[in-house]
There are 2 protein chains.
Amino acid sequence: MTTRTGRPPRLSRAQILTAASELIAQDGADALTMRRLAARLDVTPMAVYHHVRNKEELLLLLLDEVAAGIERPELPDDPRERMIRAARTMHDTLARVPWAVEVLTADDLLSPAALWYPEQIVDAAVTCGLSAADAVRAYRAIWYYTAGEILVRAAAARRRAADDRKTFRARLFDSLDHTEWPRLATVADEWDRLTEADTYEPGLRALVEGLLAGR
Amino acid sequence: MTTRTGRPPRLSRAQILTAASELIAQDGADALTMRRLAARLDVTPMAVYHHVRNKEELLLLLLDEVAAGIERPELPDDPRERMIRAARTMHDTLARVPWAVEVLTADDLLSPAALWYPEQIVDAAVTCGLSAADAVRAYRAIWYYTAGEILVRAAAARRRAADDRKTFRARLFDSLDHTEWPRLATVADEWDRLTEADTYEPGLRALVEGLLAGR
DNA sequence: ACCTGAACACCGTTCAAGT
DNA sequence: ACCTGAACACCGTTCAAGT
């Protein structure tokens, strides 16, 4: 029987993670600073460091939480539709936590729990007739498209919130030289509407169709 | 004839932009801070503010420089190949300045000079038989894929430089549960090689093929 | 007009000390 | 063991003053 010495903990890792998630949810990923986090927990900044090595570890722990809560819906039997559904779910899950994509952009693989997505996609691609190598390449193309969509839309949302850029694009389109860019001039009026619409899935379907062309 | 008064300028906007570009080129986008920039120019931080409103304006000016130096190669006559060549050029140009993509992720449109890319792509798509709206959607899908590729690869390069993650992925794959993720287990050994290879173009071709399916 | 110096309100993190 | 307090080395930016 071990005797616990020292004073009882006021803070726990779980509390820290909860507070951090709340901060991000409320004010965005940039609002997560060690000092603000500490203030919200009503402790010194350094108290947090006793439970978490540094900010990077904190972010990785938050990612693990996201990964742990990942959806694994029933997927269609048809492998092509299975690819699409798996990618769509991956997209929708991550689109709810765009900061996570920013944190891990690099790693097309997330933490172990999130491996479910590439596993399903690669497996479905192989079932469709791709070689293992081509299936991995197909997964990567899907990941680029998906990560790009999430990052671009998240950044666009920030702009809209900050409002500093709406005018920028408007100015750009207003000043559009109709002879130099005739095609863009034609679509200028529709651009915003088309841009705000969710077109993830049609693009995904086009990509998958192209990746599986001839099989 | 206007009489110039006050002391002669030691600093110019052009000098500031040059120094800023050099800083980014040497040490990455994170290395660009107003204070470091000032130090490199051998002036007070605040001297810079006399030529540039703030950091955001500085970044936008740098983007303009990138846009101004954009390549406009002869494009193939075949509209499908024209889409691909335009996208490929856009990609290659931006891949050389990944920080620019990070700055503007949001805006699928860059500054006026860079409108050449969407103009070519949308125009080629319409020539291929897409409606104006579908052509814009096609351009957006291409932009997501392209921006995603650049951002993911840039982040991966940073990781490789910092080296903090290579071990992470290795650990992940070593600990891979072969029964839970059979497909990933199969490709685990090849993953790094496949991931480092440049597969932008095949993915792009697949995407374009899917977007133009049936035309 | 162009630049300096001091200052403010922030960061992440280290280190020594308190209980 | 758990936390505080002071400090360090950074940020971007404002404001008042110098030449």
Side-chain angles (χ1 to χ4, degrees), chain A residues 1-24 26-63 99 102-103 158-159 162 164-165, chain B residues 1-24 26-63 99 102-103 158-159 162 164-165:
Chain A
M1 184 175 174
T2 51
T3 319
R4 307 292 245 93
T5 60
R7 74 162 99 164
R10 277 180 47 203
L11 213 55
S12 70
R13 209 172 235 215
Q15 270 176 68
I16 291 174
L17 291 177
T18 306
S21 301
E22 289 169 2
L23 261 179
I24 291 179
Q26 281 174 28
D27 304 318
D30 290 343
L32 179 62
T33 74
M34 298 303 266
R35 297 179 108 106
R36 255 200 278 251
L37 178 58
R40 172 178 260 266
L41 290 162
D42 210 34
V43 293
T44 336
M46 295 322 300
V48 178
Y49 281 85
H50 199 265
H51 298 263
V52 151
R53 196 202 309 271
N54 51 29
K55 190 173 181 179
E56 205 197 327
E57 194 188 71
L58 176 61
L59 288 171
L60 290 177
L61 290 170
L62 287 171
L63 279 185
W99 62 268
E102 287 166 41
V103 170
R158 269 199 297 274
R159 297 280 145 98
D164 58 324
R165 197 81 157 223
Chain B
M1 185 174 171
T2 52
T3 319
R4 306 293 246 94
T5 60
R7 76 160 99 164
R10 277 180 48 204
L11 213 55
S12 71
R13 210 171 233 215
Q15 270 177 69
I16 290 174
L17 290 177
T18 306
S21 301
E22 288 169 3
L23 261 180
I24 291 179
Q26 280 172 29
D27 304 317
D30 290 343
L32 179 61
T33 72
M34 298 303 267
R35 297 179 107 106
R36 255 200 278 252
L37 178 58
R40 172 177 260 264
L41 291 161
D42 211 36
V43 293
T44 335
M46 295 321 302
V48 179
Y49 281 86
H50 199 264
H51 298 263
V52 151
R53 195 201 310 271
N54 52 26
K55 190 173 181 179
E56 206 198 325
E57 195 189 71
L58 175 61
L59 289 171
L60 290 177
L61 290 170
L62 287 171
L63 278 185
W99 63 267
E102 288 165 42
V103 170
R158 269 199 298 273
R159 298 278 145 100
D164 58 324
R165 198 80 160 223

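Residue numbers begin at 1 in each chain, while the letters A, B, ... track the order of the sequences.
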Looking at every heavy atom in both [X] and [Y], which two are closest together, and how far apart are they?
X	Y	value
A:A20	A:L37	N-CD1, 3.6 Å
A:Y49	A:N54	CE2-CA, 4.0 Å
B:P45	B:A38	CA-CB, 3.4 Å
B:M34	B:V48	CE-CG1, 4.0 Å
B:K55	B:T33	NZ-CA, 4.2 Å

Using atom names, set out every protein N or O paired with an N or O of nucleotides 6-9 of chain D below 3.5 Å, distance rounded to 0.1 Å.
none

Is any side-chain heavy atom of B:V103 less than 4.5 Å from a side-chain heavy atom of B:L62?
->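 The answer is no, as the side chains (C-beta and beyond) never meet within the 4.5 Å cut-off.
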
Close side-chain approach of A:H50 and A:L11, heavy atoms under 4.5 Å =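 No; the side chains remain at least 4.5 Å from each other.
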
Starting at atom [atom1] of [X], determine the distance to atom [atom2] of [N], rounded to an integer number of angstrom.
X	N	atom1	atom2	value
A:R36	C:dT13	CZ	C1'	17 Å
B:L37	D:dC10	CG	P	16 Å
B:D30	C:dG12	CG	C1'	14 Å
A:Q15	D:dC2	CD	C1'	13 Å
B:H50	D:dA16	NE2	C1'	14 Å
B:K55	D:dC11	NZ	P	9 Å
A:L41	D:dC2	CG	P	16 Å
B:M34	C:dT4	CE	P	14 Å

Separation between the C1' atoms of D:dC8 and C:dC10, rounded to whole Å =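 Looking at atom C1' only, D:dC8 and C:dC10 are 15 Å apart.
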
Just the dot-bracket of DNA chain D, please: which string comes out with Watson-Crick or G-U pairs under 3.5 Å, [ ] for crossing, | for another strand?
-> ||.|||||...|||||.||

Around atom CZ of B:R40, are there more than 12 heavy atoms of other residues, nucleotides or ligands at under 6.0 Å?
->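 Correct, the count exceeds 12.
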
Reported CD-to-CZ distance for the pair A:E57 and A:R13, which is rounded to 0.5 angstrom =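 A:E57 CD to A:R13 CZ: 5.0 Å, rounded to 0.5 Å.
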
Does the side chain of [X] get closer than 4.0 angstrom to OP1 or OP2 of [N] through an N or O atom?
X	N	value
A:H51	D:dA1	no
B:R10	C:dA1	no
B:T44	C:dG5	no

Counting side-chain heavy atoms from CB outward, which of C:dT13, D:dT13, D:dC11 is closest to A:Y49?
->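 Minimum distance to the A:Y49 side chain belongs to C:dT13.
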
With a non-hydrogen cut-off below 4.0 angstrom, is B:R53 in contact with a base, only sugar-phosphate, or nothing?
->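 Counting heavy atoms under 4.0 Å across all strands, no contact is made by B:R53.
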
